[in-house]
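Beneath this line is the structure, given in structure tokens, with notes to follow.
Hydrogens, waters and symmetry mates are skipped; everything else that's a heavy atom, side chains included, is used. As the structure lists them, so they are numbered: ligands from 1, and atoms in each ligand from 1.
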Amino acid sequence: MSTLIMGVVNVTPDSFSDGGRFLDPAAAIAHGLRLRAAGAHLLDVGGESTRPGSERVDPAVEQERVIPVVQALAEVGAAVSVDTMNASTALAAVAAGARIVNDVSGGLADPDMLPAVAGTGADLVLGHWRGPSADMYAHAQYDDPVRDVLSELASRIEAAAVAGIPPARLITDPGIGFGKKGDQNWTVLRGLPRLVALGPRVLVGTSRKRFLAETLGLDQPDAQDVETRRDLATAVTSVLAAQAGVWAVRVHDVTATRDALRIAAKWEDEERWTSPTRSH
Ligand code: PMM
């Protein structure tokens, strides 16, 4: 199982699960190095929370948060992506050493994003997105979640091609939790093989998201061991996503997902060994 692990380095006061913990650049850099040592193949540095209900951050503030972190992690040889919806931040991060621009809005939030990335050598993550986090659930209306996500991502691939970014430089992401409620996320995850079949590499981020907490009842006031259990749930969905053929999974707890992927890989080898075509 060769799925890559993208470790999350949020340099924000208010991110979904780790907001405020790594706002100091030195703490964020140390966290990134820890995730790399734990087995992250990629480090995703973000300075703007996309938590449901959150407000936009000024690009200058965003850059103050992320650029020193991107630079320090790239300098030690880490493969860094920058989680941003702003073209100016994307360009500054690539100049500081980022190899991937991770735009959860798929280039929709900033009209300059696609042409800006086209002019760099960076790869681009196109997330499925229907509107800003402030009111993202207002857009959670789907005829068929898988078909709608696929066709909307296909139009973003087309827009990227028009801007000069070929499919080989693209990574699609179904945007779990972005404008999708509860079961809509499970339906989209079930459709991952169809997204993989679209062509470009696929990234998926389920880590610590609300739909997992809802499924396990971790949002209830009497829930126990919430943090451990949401990371365990994330590790399970990461394995299932890997089995669906995704290129990478974006997670906060790299160790849990790395262990889960290793165990799954071992299982697959065992399966091959005992397959009926093999003579004993
Ligand atoms: N989710 C979050 C932030 N960035 N990027 C991609 N490509 N895919 C995601 O699913 C995604 C993302 C929100 O989670 P966080 O605030 O806990 O980092």
Where on [X] is there a heavy atom closer than 4.0 Å to ligand 1, on the side chain, on the backbone, on both, or on neither?
{"X": "V204", "value": "neither"}
{"X": "T206", "value": "neither"}
{"X": "H252", "value": "side chain"}

Checklist entry - Just distances here: any N/O of T50 and N/O of ligand 1 closer than 3.5 Å? => result no
Next on the checklist: Regarding ligand 1, does D44 bring an N or O atom to under 3.5 Å of one of the ligand's N or O atoms?
Outcome noted: no
Item to check | N-O pairing of E152 and R130 below 4.0 Å | outcome: yes
Item to check | Short N-O contact, R210 and D219, less than 4.0 angstrom | outcome: no
Item to check | For L192 against A244, the heavy-atom pair lying closest together | outcome: CB-CB, 3.8 Å
Checklist entry - Can you tell which of D83, D173, V8, T12 gets a heavy atom nearest to atom 6 (C) of ligand 1? => result D173
Next on the checklist: When you measure from the heavy atoms of R250 to every atom of ligand 1, does any distance fall below 4.0 Å?
Outcome noted: yes
Next on the checklist: I'd like to know if K209 contacts ligand 1, where contact means a heavy-atom distance under 4.0 Å to any ligand atom.
Outcome noted: yes
Next on the checklist: With a 4.5 Å cut-off on side-chain heavy-atom distances among I, L, V, M, F, W and Y, is there a chain of contacts connecting V196 to V249?
Outcome noted: yes
Checklist entry - Which of the numbered atoms in ligand 1 are below 4.0 angstrom from a heavy atom of L203? => result 7 (N)
